[in-house]
There are 2 protein chains.
Amino acid sequence: MAQNVYKAHDHHVCIDSAVARARALCEQQGARLTPVRQRVLELVWANHKPVGAYDLLPKLAEEGFNSAPPTVYRALDFLLDLGLVHRISSLNAFIGCTHPGEAHPSCFFVCRECGEAQELDAEQVNKIARQAEAMLGVRVEQQMTELMGLCPRCQDAA
Amino acid sequence: MAQNVYKAHDHHVCIDSAVARARALCEQQGARLTPVRQRVLELVWANHKPVGAYDLLPKLAEEGFNSAPPTVYRALDFLLDLGLVHRISSLNAFIGCTHPGEAHPSCFFVCRECGEAQELDAEQVNKIARQAEAMLGVRVEQQMTELMGLCPRCQDAA
DNA sequence: GGAGATTAGGTTATAATATTGCAATTCTAC
DNA sequence: GTAGAATTGCAATATTATAACCTAATCTCC
Ligand SMILES: [Zn+2]
Ligand SMILES: [Zn+2]
Ligand SMILES: [Zn+2]
Ligand SMILES: [Zn+2]
């Protein structure tokens, strides 16, 4: 389960280690973590809430980066390709991956109140895929699961 | 598994029974399956490929229905609320549910070549949800899984 | 270190998807 | 029949994503 968003933690560690892992992964893959790509990754990791591409634009602009949609979409595509971020389709938003480098399906719980997302262990999703392959003859290449509901904090608040 | 899209079948039966089930469900729930709602449902069921809202607009227009985006989105929202269709988030598209009336997560395999989608048994997804609830204390209200890859036919073609 | 190939980024415009707000109509229940 | 609720018509606009085309930076190989 990699990490538990609902436990108090020093979030700077999340950001820093995300960047460190990204740097290592890029090195290993011969990919270039350019300034705008790194900054987008940091902004995605600003908190544990999935962030929309258009939310990033003004932040990049503030910092003197070019801020047109293609800039941020290209950076996000790069990060997606390397598995450094996941896309939450139901929100049209992006969130940092807690264990990049290891191939795994995108599997998240998202709180409908606070918007925080927790990456989940995806072993069960793999089972669904293998079952579909066995029973239907399909070949699964990508997988994503999104659960929605209330996180522990928002349950308490209500 | 309800139904296997990859087996030859008389698709008119799919459409007709979808409409019949919708009628029954609406009756039961005191909801109104108005002409535009029924027609949208039929169009969604035209084949086993998820269909975009904007693909429906011209078809509705041809038949003299009002064809502005809100019309089709309202009809789709109605059908979603009743569980008569599912939304495939990764495609921004909609597809008929093969077993409406029974509460269940949205769980599909979608072929990246032909676009056909097969609804899957969702028992494993429920396990993911229960596991997340037990380990993290979250409360899951909605679930969706989308698998992408190649269907049997498109594997043969390649 | 320079020529050519590759990759990344800048810029403008536009496509594709989805929602808001309000008025008009239709249905339902009393 | 009338009040209230649900549905629809309609115009505008918001949000998300991509296309096309060009320039600049970086890499590769000699
Ligand atoms: Zn954190
Ligand atoms: Zn991940
Ligand atoms: Zn069929
Ligand atoms: Zn279904």
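Chain letters run A, B, ... following the sequence lines, proteins first, then strands; residues in each count from 1.
When DNA chain D is scanned 5' to 3' for any atom under 4.0 Å from a heavy atom of chain B, the first and last hits are D:dT7 to D:dA11.
Inspection of the B:Glu119 and B:His104 side chains reveals an N or O donor paired with an N or O acceptor under 3.5 Å. Of the N and O atoms on the side chains of A:Thr145 and B:Thr145, at least one donor lies less than 3.5 Å from an acceptor on the other residue. With 3.5 Å as the limit, one finds no donor-acceptor pair spanning the side chains of A:His86 and A:Glu146.
The pair A:Glu116-A:Arg153 counts as a salt bridge, with a side-chain nitrogen and a carboxylate oxygen less than 4.0 angstrom apart. Between A:Glu123 and A:Arg130 a salt bridge is recorded (basic side-chain N to carboxylate O distance below 4.0 Å). Using a cutoff of 4.0 Å between basic side-chain nitrogens and carboxylate oxygens, A:Lys59 and A:Glu62 are not scored as salt-bridged. Note on A:Glu133 versus A:Arg139: no salt bridge recorded, every NZ/NE/NH1/NH2 to OD/OE distance being 4.0 Å or above.
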Kindly list each side-chain donor-acceptor pair under 3.5 angstrom involving residues 23-33 of chain A, sequence neighbours excluded, with atom names and distances?
none

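Whole-Å rounding puts the A:Arg74 CZ to C:dT6 P distance at 19 Å.
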Carefully, step by step, assess B:Leu41 and B:Val85 under the rule side-chain contact (heavy atoms from CB on, under 4.5 Å). CA-CA 8 Å; B:Leu41 180 65; B:Val85 304; 3.9 Å; yes
One pair to check against side-chain contact (heavy atoms from CB on, under 4.5 Å): B:His11 and B:His48. What are the steps and the verdict? CA-CA 9 Å; B:His11 187 61; B:His48 289 283; 3.2 Å; yes
Assess the residue pair A:Ser90 and B:Met144 against the criterion (side-chain contact (heavy atoms from CB on, under 4.5 Å)); give the C-alpha distance rounded to whole Å, side-chain angles, the decisive distance to 0.1 Å, and a yes or no. CA-CA 9 Å; A:Ser90 56; B:Met144 54 158 287; 4.3 Å; yes
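Each end of the helix from C:dG1-D:dC30 to C:dC30-D:dG1 gets its own rotation axis from five pairs of C1' atoms, and the angle between them is 50° to the nearest 10 degrees.
When hydrophobic side chains of Ile, Leu, Val, Met, Phe, Trp and Tyr are connected at separations under 4.5 Å, A:Leu150 ends up as a singleton with no cluster partners.
Between A:Asn66 and C:dG9 there is no side-chain N or O to OP1 or OP2 distance below 4.0 Å.
Remark: B:Arg32 in residues 29-44 of chain B come within less than 4.0 Å of DNA chain C through at least one heavy atom.
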Please tabulate the protein-to-nucleotide N/O contacts below 3.5 Å involving nucleotides 14-19 of chain C, giving atom names and distances.
{"unit_1": "C:dA18", "atom_1": "OP1", "unit_2": "B:Arg87", "atom_2": "NH1", "d": "2.8"}
{"unit_1": "C:dA18", "atom_1": "OP1", "unit_2": "B:Arg87", "atom_2": "NH2", "d": "2.8"}
{"unit_1": "C:dA18", "atom_1": "OP1", "unit_2": "B:Asn92", "atom_2": "OD1", "d": "3.4"}
{"unit_1": "C:dA18", "atom_1": "OP2", "unit_2": "B:Tyr73", "atom_2": "OH", "d": "2.8"}
{"unit_1": "C:dA18", "atom_1": "O5'", "unit_2": "B:Tyr73", "atom_2": "OH", "d": "3.2"}
{"unit_1": "C:dA18", "atom_1": "N7", "unit_2": "B:Tyr54", "atom_2": "OH", "d": "2.5"}
{"unit_1": "C:dA18", "atom_1": "N6", "unit_2": "B:Tyr54", "atom_2": "OH", "d": "3.3"}

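For B:Gln155, the CD atom counts as densely surrounded, since its 6.0 Å shell holds more than 12 non-hydrogen atoms of other residues, nucleotides or ligands.
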